[in-house]
Amino acid sequence: MTPLAALEAFLHAPGRVVDVRRTGVGRSRQNWLFDLRHDDGSREPLILRSDPDGGLVETDRALEFALLGALVDADLPTPPPHSLDADGTAFGSPSLMMGRLPGTCDYRVLTGDRPEAERVAIAVALCELLARVHATDWKALGLGELFTDPGEQAARHELDRWEGILRRDRLAAHPELELALVALRERAPRSRRTVLVHADFKPGNVLLRGVEITALLDWELAHLGDPLEDLGWVTQPLRAGEHAIPGRWEAADLIGHYEEVTGEPVDREALRWWVTFSTFKTAVMQVSGLRAFLEGRSDEPYRPHRRVLGSLLDDVNRGF
Amino acid sequence: MRPTIDDQLGGADRLLDLVAADPGLGDGSRELLVNARRLLRTVRRSWDRVVPFAVADNARMAELLGEAAPPDVGKGPLERQEELRAALAAAIPDLDDGARAEIGRYLRERVEEDPA
């Protein structure tokens, strides 16, 4: 069945799916962009995201669909969910159909060609959007029914989750990661508050129109947890090329502005734990990616990278 | 003897260069080609240093493990390396801070030296 036919059959809309095109290549996630033409002539821009056979992490498309449904009532620029093929019956692999929001994605926007003032404005907007994610009233939106609230044990909860992924996906022993696990477990901080955590917040997961953020995408790793988890992710040195503007918007600026906007002080010692955890998580993602590649489920030749392992061991050896 | 392993890896790399120069290549194929070339170049850069590194790595890991090192029953250096890395990983949770720190320092050095 052609993609067009599959879309028309799934939507019960013969002749009404137009301008179908694909983004993404090989076995990476398939994104189909198209419009649904309604009887009154109007068009509804949609996107279908289908899971790859293998990737960095396995996530639950039905859970992401439910989360996006709940977030429709939140003050966040999230794509409205349209429909779900949870088991891949229609499209061959689990797939999520969403409204297609305007804007373009540029994961290096903060270090790109735009004028510095514009890049700083975008960096500030990203920081404030993260604060809005954390301010989401997750209880009122019913997210407590989708996710476990780990309470003050959020750090241990996430460490357990990623240790489990490491044990499941590793193809060989990784003493570097075992050493990090022991150190992280010994010093796991207690969480002060539970918030909605995006867990992969980065310029590559937003859409921009000018300096306006029109969409925050890729909620597949989202969960309830410690806000420092997202702050650790965006301030980890490995990702400075995505989140910082050298000399103008560094990790300290981001943290300072976050504190100003939220009124919540950031515990720097606990944040260092979350930064190290972020590096550990990146390494585990690469372990999973290596397995997927060697099993022929992915076309991306991931491996635990020298830079990631070096950064992780530097943190561990100096006690974070 | 020619072609050497380097000759052959270099030849494959050159052929992929020719494919990459094809203006008719689609975006998808080009992305796959980038990944293939990256893998090939990693192997070309490192293959002849992998075994000497494993021999030195094994000696250092056996030293760090002491009596906890599995007996050397004459396995090849790469198989022995896997065995010692597994033993090191298994030993880490039960070691005291000093021993873990020593292992941490070695693993950090090792990250820079590992040709693979």
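Small disclaimer: the values here were computed from a predicted structure and weren't measured. Lettering of chains follows the sequences in order, A, B, ..., and the numbering in each one begins at 1.
- Counted within 6.0 Å of CG on B:D96, heavy atoms from surrounding residues, nucleotides or ligands total more than 12; the atom is thus considered enclosed.
- Taking CG from A:L179 and CZ from B:R108, the interatomic distance works out to 12.5 Å, rounded to the nearest 0.5 Å.
- Under a 4.0 Å N-O distance rule, the pair A:R306/B:E113 does not qualify as a salt bridge.
- The neighbour count for B:E112 CD, taken as heavy atoms of other residues, nucleotides or ligands under 6.0 Å away, is above 12.
- For residues 84-94 of chain B, heavy-atom neighbours of chain A at less than 4.5 Å comprise B:R85, B:A86, B:L88, B:A89, B:I92, B:P93, sorted by residue number.
- Chosen from A:V182, A:L312, A:V316, A:L309, the residue pairing most often with chain B at heavy-atom distances under 4.5 Å is A:V182.
- Taking CZ of B:R105 as the reference point, atom CG of A:L313 lies at 12.5 Å (rounded to 0.5 Å).
- Heavy-atom pairs under 4.5 Å with chain B peak, among A:E178, A:H174, A:R185, at A:E178.
- Judged purely by atom type and a 3.5 angstrom limit, A:D299 has no side-chain atom pairing as donor or acceptor with the backbone of B:L32.
- Residues from residues 57-81 of chain B never place a non-hydrogen atom less than 4.5 Å from a non-hydrogen atom of chain A.
- Closest heavy-atom contact between A:P301 and B:N35: CD-CG, 3.4 Å.
- Distance CG/B:L39 to CZ/A:R303: 7.0 Å, rounded to 0.5 Å.
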